[in-house]
Amino acid sequence: MTIRLYDTATRGVRDFVPLQEGKAGLYVCGLTVQSEPHVGHVRSAVNFDVLQRWLRHRGYDVTFIRNVTDIDDKILAKAAERGLPWYAHAARMTRELDRAYAALNVAPPTYEPLATGHVPEMVELITELIERGHAYAAEDGSGDVYFDVQSWPQYGELTRQRIDDMEAAEDADPRGKRDPRDFALWKGHKESEPATASWPSPWGRGRPGWHIECSAMAGKYLGSAFDIHGGGVDLRFPHHENELAQSRAAGHPFASYWMHNAWITTAGEKMSKSLGNSLAIPAVLETYRGIELRYYLVAAHYRSHVEFSFEALDEAAAGFRRIEHFLERAADVVGEIGSAGMPCADFVNAMDDDLGTPAAVAAIHEVVREGNRLLAGGDSAALRGNAASVRAMLAVLGLDPADPVWQTGASGHEEQLTAAVDALVSELLEQRAAARATKDFAAADAIRDRIKSAGILITDTPDGPTWSLEAGTK
RNA sequence: GGUGGGUUGGCCGAGAGGCGAGGCAACGGACUGCAAAUCCGUGUACACGGGUUCAAAUCCCGUACCCACCUCCA
């Protein structure tokens with residue numbers, strides 16, 4: 001059984017055949033660090049993190065590149081608004097993004113190149129394109145360099161659009177373009193922009209265009225040809241179309257597979273920065289744990305549009321707690337649950353089929369139900385294997401509750417808190433046990449209600465009561 | 001105008017010709033002092049109209065509505 005992936009270029013699911021056996025090169029367009037990351041941004045990161053984890057699980061040696069675009073129009077504009085140097089703003093937003101990734105257990109890529117660190121590579125690529133007759137320096141003296149779309153007949157191949165059908169942008173500024181659809185490879189420095197936002201080049205000082213960055217960085221770290229290129233659906237055109245055109249025009253085969261994750265919307269609208277920051281990651285994490293948000297994102301297929309709602313997030317959190325609670329109870333019975341478990345066949349088949357995470361999650365729930373049955377039946381050997389399997393499947397999805405990454409923040413402090421709560425709750429539970437022993441159920445229930453109102457769930461087991469935090473709380 | 005995607009039960013969300021994914025909620029039963037947790041059970045869902053087929057949520061034709069992209073939004 002091989003992994004099958006949906007390829008946007010061919011519009012279908014295909015067997016994944018890497019260029020080099022046993023290896024997989026993956027490039028994903030990271031963010032332009034212009035503002036605080038929101039739920040939509042991390043969906044893309046989580047989706048491709050799952051892909052990367054699954055490829056590794058299936059034995060591939062993965063080189064995963066996710067870039068950071070740290071110079072562009074919007075960064076310059078936002079920084080000016082906030083009265084900061086553009087690089088200070090970019091650095092601050094990059095840190096913000098790193099925090100969001102960490103909070104959701106998005107593993108760091110193999111390399112995380114910055115656009116500003118690869119200007120020479122971009123200049124080299126642009127020079128090559130000019131030499132091959134696919135790019136030209138603007139004749140208006142602006143210092144801009146454009147890609148000549150008419151010189152590349154395959155332009156539009158990724159999204160199957162014909163150049164002549166494309167609508168010219170309303171605000172299209174022809175400047176020194178030969179064709180309004182030509183796109184900028186290099187942007188000449190403007191007096192209105194900070195001098196620090198420009199680099200020397202054969203065409204004068206300036207800064208790189210957006211599309212060229214990814215071609216240059218993918219080429220540098222993955223080579224002329226590589227396996228998978230990913231990003232959000234919105235990037236198909238123009239960004240990926242342009243990347244493909246400029247890379248191939250420069251003589252590089254580029255990506256074999258193109259993968260795109262769908263949007264997450266709110267109130268039927270695209271989650272854009274203008275909708276405010278209620279869905280900014282730090283805000284969501286005030287109410288929900290990162291692992292719960294990740295579960296919510298993973299439970300939907302990456303190519304399905306998701307309509308975000310806190311109600312749906314609540315449900316997802318409840319569903320996740322069911323799994324988590326099973327692991328806690330299993331651990332009480334069999335001791336520590338090993339990390340060497342095996343995913344069940346349904347899970348593997350689901351994941352191999354274009355990362356079918358919804359079916360994979362359903363498979364986990366099936367194993368959990370079986371495990372809960374064993375928990376009542378008392379076959380601890382079977383239970384141990386069962387729980388280990390659940391843990392292994394969760395781990396592949398980046399959702400293993402025992403993974404130390406979830407114990408972020410105050411670490412030792414948190415453990416102390418848990419111990420403190422445990423001491424207090426245990427005392428209350430003893431009082432409740434005493435009350436029950438004397439059949440004073442009113443008193444016993446009052447104690448239980450008191451604990452529950454603090455957001456703590458009591459589970460009575462044959463070995464006595466245990467406590468855990470209720471779903472939806474941090 | 002061009003390109004692509006969508007419409008599934010109270011809700012979220014899979015599936016892609018024939019056994020009702022899974023979760024949340026609800027109801028019944030078991031367990032419990034009562035609960036909770038857990039287990040067992042309970043649903044005549046596939047936008048609409050035609051068609052193909054022994055068989056359609058799934059294929060074909062048409063209609064409606066929604067969404068995304070068309071030069072720098074994941």
Side-chain angles (χ1 to χ4, degrees), chain A residues 8 11 28-32 34-35 37-45 47-48 69 72-74 147 149 156 159-169 171-173 177 180-184 187 209-211 213 230-239 241-242 260-265 268-274 295-296 299-301 303-307 309 311-320 322-323 325-326 329 346 350 356-366 369 371-373 375-377 436 439 441-442 444-445 448-449 452 457-461 465-466 468:
Chain A
T8 304
R11 308 266 164 97
V28 173
C29 289
L31 284 187
T32 297
Q34 51 152 322
S35 56
H38 58 59
V39 175
H41 295 132
V42 296
R43 179 183 192 192
S44 182
N47 287 156
F48 287 105
T69 297
D72 101 315
D73 294 352
K74 288 187 176 174
F147 183 86
V149 296
T159 51
R160 297 191 191 181
Q161 300 182 88
R162 293 196 326 240
I163 293 182
D164 295 335
D165 289 336
M166 294 177 193
E167 206 171 63
D171 59 345
D173 172 9
K177 291 182 182 180
R181 286 150 300 206
D182 288 350
F183 56 90
K187 310 178 99 166
W210 181 39
H211 314 296
E213 300 171 6
V233 274
D234 57 313
L235 297 181
R236 276 181 313 193
F237 191 91
H239 188 52
E241 192 72 72
N242 291 354
H260 294 98
N261 65 277
W263 287 96
I264 178 158
T265 58
E269 279 184 61
K270 189 159 95 176
M271 196 173 283
S272 74
K273 282 120 198 169
S274 57
Y295 177 87
Y296 173 63
H301 188 85
R303 282 192 288 120
S304 290
H305 162 243
V306 168
E307 170 69 18
S309 72
E311 291 73 19
L313 181 50
D314 283 335
E315 283 183 13
F320 181 71
R322 180 184 148 78
I323 299 171
H325 198 205
F326 160 68
R329 295 202 302 149
D346 285 348
T357 52
V361 168
I364 294 176
H365 278 284
E366 296 287 0
R369 176 175 302 121
N372 276 324
R373 255 184 241 127
L375 214 40
R436 291 177 77 198
K439 304 244 190 268
F441 296 121
D445 292 352
R448 187 172 65 199
D449 290 346
K452 190 179 189 319
L457 183 72
I458 298 303
T459 305
D460 286 324
T461 75
T466 64
S468 58

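Here is how names work: the chains are called A, B, and so on, in the same order as the sequence lines, proteins then strands, and each is numbered from 1.
- Of the candidate nucleotides B:U71, B:U38, B:C24, B:U71 has the atom lying nearest to any side-chain atom of A:R181.
- On a pure distance criterion of 3.5 Å, no polar donor-acceptor pair joins the side chain of A:K439 and the base of B:C34.
- Judged by distance alone, with hydrogens and angles left aside, A:R236 brings no side-chain donor or acceptor close enough to the base of B:C70 to form a pair under 3.5 Å.
- Candidate nucleotides B:U38, B:A14, B:G33 were compared by shortest atom distance to the side chain of A:A359, and B:A14 ranks first.
- The shortest distance between side-chain heavy atoms of A:N242 and A:W210 does not fall below 4.5 Å.
- With B:U38, B:A68, B:G33 as the candidates, the nucleotide lying closest to the side chain of A:R329 is B:U38.
- Contacts of A:A300 with the nucleic acid, taken as non-hydrogen atoms under 4.0 Å apart, involve only primed sugar atoms and P, OP1 or OP2.
- Using a 4.0 Å heavy-atom cutoff across all strands shown, A:N47 reaches no nucleic acid atom at all.
- With rounding to whole Å, A:R11 atom CZ is found 10 Å from B:U3 atom P.
- Of the candidates B:C39, B:A36, B:C73, the closest approach to any side-chain atom of A:N372 belongs to B:C39.
- With a 4.5 Å cut-off on side-chain heavy atoms, A:H325 and A:R322 do not count as touching.
- Rounded to whole Å, the distance from CZ on A:R303 to P on B:A68 is 20 Å.
- Rounded to whole angstrom, the span from the CZ atom of A:R160 across to the C1' atom of B:U3 amounts to 10 Å.
- Within 4.0 Å of A:H301, counting heavy atoms only, lie sugar-phosphate atoms of the nucleic acid but no base atom.
- In this structure, A:E315 places its CD atom 9 Å from P of B:C24, rounding to the nearest Å.
- Distance from the side chain of A:A362 is smallest for B:A21 among the nucleotides B:U71, B:A74, B:A21.
- In this structure the side chain of A:R43 reaches within 4.5 angstrom of the side chain of A:V306, judged on heavy atoms.
- Contact annotation for A:D346: no contact, since no heavy-atom pair falls under 4.0 Å across all strands.
- In this model, a side-chain donor or acceptor of A:D445 finds a partner on the base of B:G33 within 3.5 Å.
- Counting any heavy atom pair closer than 4.0 Å across all strands shown, A:E241 reaches no nucleic acid atom.
- Across all strands shown, the partner of B:G22 is B:C12, judged by Watson-Crick or G-U wobble contacts whose two distances both fall under 3.5 Å.
- Taking only side-chain nitrogens and oxygens, A:R373 comes nearer than 4.0 Å to OP1 or OP2 of B:C40.
- For A:R162, the CZ atom counts as loosely surrounded, since its 6.0 Å shell holds 12 or fewer non-hydrogen atoms of other residues, nucleotides or ligands.
- A salt bridge links A:R448 with A:D445: at least one charged nitrogen is closer than 4.0 Å to a carboxylate oxygen.
- Taking the six-membered ring for Trp and thresholds of 30 and 60 degrees, A:F147 and A:F183 have nearly parallel ring planes, at less than 30 degrees apart.
- A:S304 comes within 4.0 angstrom of sugar-phosphate atoms only, judged by non-hydrogen atoms across all strands, and of no base.
- For A:P238, whose side chain is taken as the heavy atoms from C-beta onward, the closest listed nucleotide among B:C70, B:A36, B:A74 is B:C70.
- The nearest whole Å value for the distance from the CZ atom in A:R322 to the C1' atom in B:A37 is 10 Å.
- Of all nucleotides listed (B:C72, B:A36, B:C12), B:C12 comes nearest to the side chain of A:A312.
- RNA chain B is contacted by both A:Y296 and A:A363; A:Y296 maps to the nucleotide lying nearer its 5′ end (nearest heavy atom per residue).
- Look at the C1' atom in both B:G10 and B:U52: the space between them is 35 Å, to the nearest Å.
- The distance between atom CZ of A:R43 and atom C1' of B:A68, rounded to the nearest whole Å, is 13 Å.
- Residue A:R369 has its side chain nearest to B:G22 when only B:A21, B:G22, B:C70 are considered.
- Side-chain to base pairing of A:D460 with B:A35: one donor and one acceptor N or O lie within less than 3.5 Å of each other.
- Using Watson-Crick or G-U wobble geometry with both donor-acceptor distances under 3.5 Å, B:G4 finds its partner in B:C67.
- For A:F441, taking side-chain heavy atoms from C-beta onward, the closest of the listed nucleotides B:G33, B:C70, B:A37 is B:G33.
- An OP1 or OP2 oxygen of B:C73 is reached within less than 4.0 angstrom by a side-chain nitrogen or oxygen of A:K74.
- A gap of 41 Å separates the P atoms of B:A45 and B:G33, to the nearest Å.
- Both distances falling under 3.5 Å, in either a Watson-Crick or a G-U wobble arrangement, place B:G49 opposite B:C61.
- The shortest side-chain heavy-atom distance between A:E213 and A:H239 does not fall under the 4.5 Å cut-off.
- With RNA chain B read from its 5' end, the first of the two nearest nucleotides for A:D73 and A:A299 is the one closest to A:A299.
- The partner of B:U38 is B:A30, by the rule that a Watson-Crick or G-U pair needs both atom distances under 3.5 Å.
- When heavy atoms are screened at a 4.0 angstrom cut-off, A:H365 is found touching the sugar-phosphate backbone but no base atom.
- With hydrogens and angles left out, the side chain of A:R448 and the base of B:A35 share a donor-acceptor pair within 3.5 Å.
- For the pair A:N372/A:R329, a side-chain contact is recorded, criterion being any heavy-atom separation below 4.5 Å from C-beta on.
- Atom-to-atom, CZ of A:F183 to P of B:U71 comes out at 13 Å; the value is rounded to the nearest Å.
- For the pair A:E307 CD and B:G6 P, the computed distance is 16 Å after rounding to whole Å.
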